[in-house]
K.L.:
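Attaching a single structure in structure tokens format; questions to follow.
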Amino acid sequence: FLYRGEWKKANEVLHSTNNFPEFTGRGCPAPCEDACVLTIDSSPVTIRENEAAITEMAFREGYIQPRVIPLRTGKRVAVIGSGPAGLACADLLNREGHQVSVFEKEDAAGGLLRYGIPDFKLNKKVVDRRLDLLMAEGLEILTGMEVGKNLDINDIVEEYDAVCIAI
């Protein structure tokens, strides 16, 4: 779709299998490009650049908007850790209608996206833009919450229907 200029459809297809293509498009070293069989006759598919370009165009054109969750299940889920795995888990559970709270020990959410990838590879405004979108969709993100310090795991287990530890 991208090569035909169908940005909206390219964005839909990309997001159907990837919660955060704007992160993977910037953070991945793309070893698959070196191993791409297309290099036999031509250039490899530039997956990283495609993911980043599609997502940036989608945000710019307004294709990416907060999704309205039509029905809540009444189930509450705690996700401990707000790195890529925790956020992806929380996003999928939220889409299913569960009320999701993400607990992060640092003063800002994002885990390795924020604290492990240098700004020149992944500008933190990109991380914040996605976090804002997730919160607009109903995700609760609580920072400064560390299990064993100011967060008792027994309280979490008692208060929530399920717990995902993504640290």
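Index from 1, following the sequence.
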K.L.:
Do you know which two heavy atoms are closest between A90 and V102, and how far apart they sit?
P.N.:
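Smallest heavy-atom distance, with atoms named: CB-CG2, 3.6 Å.
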
K.L.:
E137: what forms a side chain to side chain donor-acceptor pair (under 3.5 Å) with it, not counting sequence neighbours?
P.N.:
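E137 satisfies side chain to side chain donor-acceptor pair (under 3.5 Å) with R67 only.
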
K.L.:
So how far is it from M57 CE to Y63 OH, rounded to the nearest 0.5 Å?
P.N.:
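So the CE of M57 and the OH of Y63 are separated by 7.0 Å.
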
K.L.:
To the closest 0.5 Å, what do you measure between CD (E104) and OG1 (T143)?
P.N.:
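The CD atom of E104 sits 8.0 Å away from the OG1 atom of T143.
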
K.L.:
Any side-chain heavy atom of I117 sitting closer than 4.5 Å to one from V127?
P.N.:
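They are not in contact (no side-chain heavy atoms under 4.5 Å apart), so the answer is no.
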
K.L.:
How many angstroms lie between atom CD of E96 and atom CG of L71, to the nearest 0.5 angstrom?
P.N.:
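The CG atom of L71 is 11.0 Å from CD of E96, to the nearest 0.5 Å.
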
K.L.:
Of all heavy-atom pairs between V79 and C89, which one has the smallest distance, and what is that distance?
P.N.:
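Between these two residues, the closest heavy atoms are CG2-SG, 4.2 Å.
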
K.L.:
Are V100 and L92 connected in the hydrophobic side-chain network, where two residues link if heavy atoms are under 4.5 Å apart?
P.N.:
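No: no chain of side-chain contacts under 4.5 Å links V100 to L92.
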
K.L.:
So R114 and L131, side-chain contact (heavy atoms from CB on, under 4.5 Å) or not? Walk me through it.
P.N.:
CA-CA 11 Å; R114 182 173 305 281; L131 290 169; 3.6 Å; yes

K.L.:
Rounded to the nearest 0.5 Å, what's the gap from CG on N50 to OH on Y3? Could you check?
P.N.:
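Reported value, rounded in 0.5 Å steps: 12.5 Å.
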
K.L.:
Answer yes or no: does atom CD of E61 have more than 12 heavy-atom neighbours from other residues, nucleotides or ligands under 6.0 Å?
P.N.:
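Counting other residues, nucleotides and ligands, CD of E61 exceeds 12 neighbours.
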
K.L.:
A side-chain contact here means heavy atoms from C-beta on lying under 4.5 Å apart; do D91 and L139 qualify?
P.N.:
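No, side chains not in contact.
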
K.L.:
Look only at the side chain of K105 and the backbone of G81, and say whether a donor-acceptor pair between them is shorter than 3.5 Å.
P.N.:
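Not at all, since once roles are kept as given, no pair shorter than 3.5 Å links the two residues.
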
K.L.:
Nearest 0.5 Å, what's the OG-CD distance between S101 and E159?
P.N.:
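Reported to 0.5 Å precision, the distance equals 7.5 Å.
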
K.L.:
With clusters defined by side-chain heavy atoms of hydrophobic residues (ILVMFWY) lying less than 4.5 Å apart, directly or transitively, does L134 cluster with L14?
P.N.:
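L14 and L134: separate clusters.
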
K.L.:
Quick one: pull up CG in D128 and CE in M135 and give me the separation to the nearest 0.5 Å.
P.N.:
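Separation between the atoms: 8.0 Å.
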
K.L.:
Counting N and O atoms only, with roles assigned by atom type, does the side chain of K9 sit under 3.5 Å from a partner on the main chain of W7, one being a donor and the other an acceptor?
P.N.:
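No: the side chain of K9 does not pair with the backbone of W7.
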
K.L.:
Might you point out which heavy atoms bring P66 and L133 nearest each other, and give the distance in Å?
P.N.:
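Result for this residue pair: N-CD1, 3.3 Å.
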
K.L.:
Does the R76 side chain pair with the main chain of Q99, one donor and one acceptor, at a distance under 3.5 Å?
P.N.:
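No.
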
K.L.:
Is there a path from F103 to L113 through hydrophobic residues (I, L, V, M, F, W, Y) whose side chains come within less than 4.5 Å of each other?
P.N.:
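F103 does not cluster with L113.
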
K.L.:
How far apart are the closest heavy atoms of E51 and T24, and which atoms are they?
P.N.:
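Looks like OE1-OG1, 2.7 Å.
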
K.L.:
If you draw a 6.0 Å radius around CD1 in I64, do more than 12 non-hydrogen atoms from other residues or ligands fall strictly inside?
P.N.:
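More than 12 heavy atoms, drawn from other residues, nucleotides or ligands, come within 6.0 Å of this atom.
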
K.L.:
Kindly work out whether a path of hydrophobic side-chain contacts (I/L/V/M/F/W/Y, heavy atoms less than 4.5 Å apart) joins L142 to V157.
P.N.:
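Same cluster.
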
K.L.:
Among N11, N18, N19, T17, which residue satisfies the side chain to side chain donor-acceptor pair (under 3.5 Å) criterion with H15?
P.N.:
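By the side chain to side chain donor-acceptor pair (under 3.5 Å) criterion, H15 pairs with just one of N11, N18, N19, T17: N11.
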
K.L.:
Linking I/L/V/M/F/W/Y whenever their side-chain heavy atoms sit closer than 4.5 Å, directly or via other members, would L87 and V126 fall into one cluster?
P.N.:
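Yes, because L87 and V126 connect within a single hydrophobic cluster, where side-chain heavy atoms sit under 4.5 Å apart.
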
K.L.:
Strictly distance-based, threshold 3.5 Å: is any side-chain N or O of R72 a donor or acceptor partner for the main-chain N or O of H98?
P.N.:
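Side chain of R72 to backbone of H98, a donor-acceptor pair under 3.5 Å: yes, one is there.
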
K.L.:
Which residue, R130, K121, R60, forms the salt bridge (Lys or Arg N to Asp or Glu O under 4.0 Å) with E22?
P.N.:
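For E22, the salt bridge (Lys or Arg N to Asp or Glu O under 4.0 Å) check succeeds only for R130.
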
K.L.:
Give me the atom names and distance for the closest heavy-atom approach of N150 to G144.
P.N.:
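What the structure gives for the nearest pair is ND2-O, 2.6 Å.
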
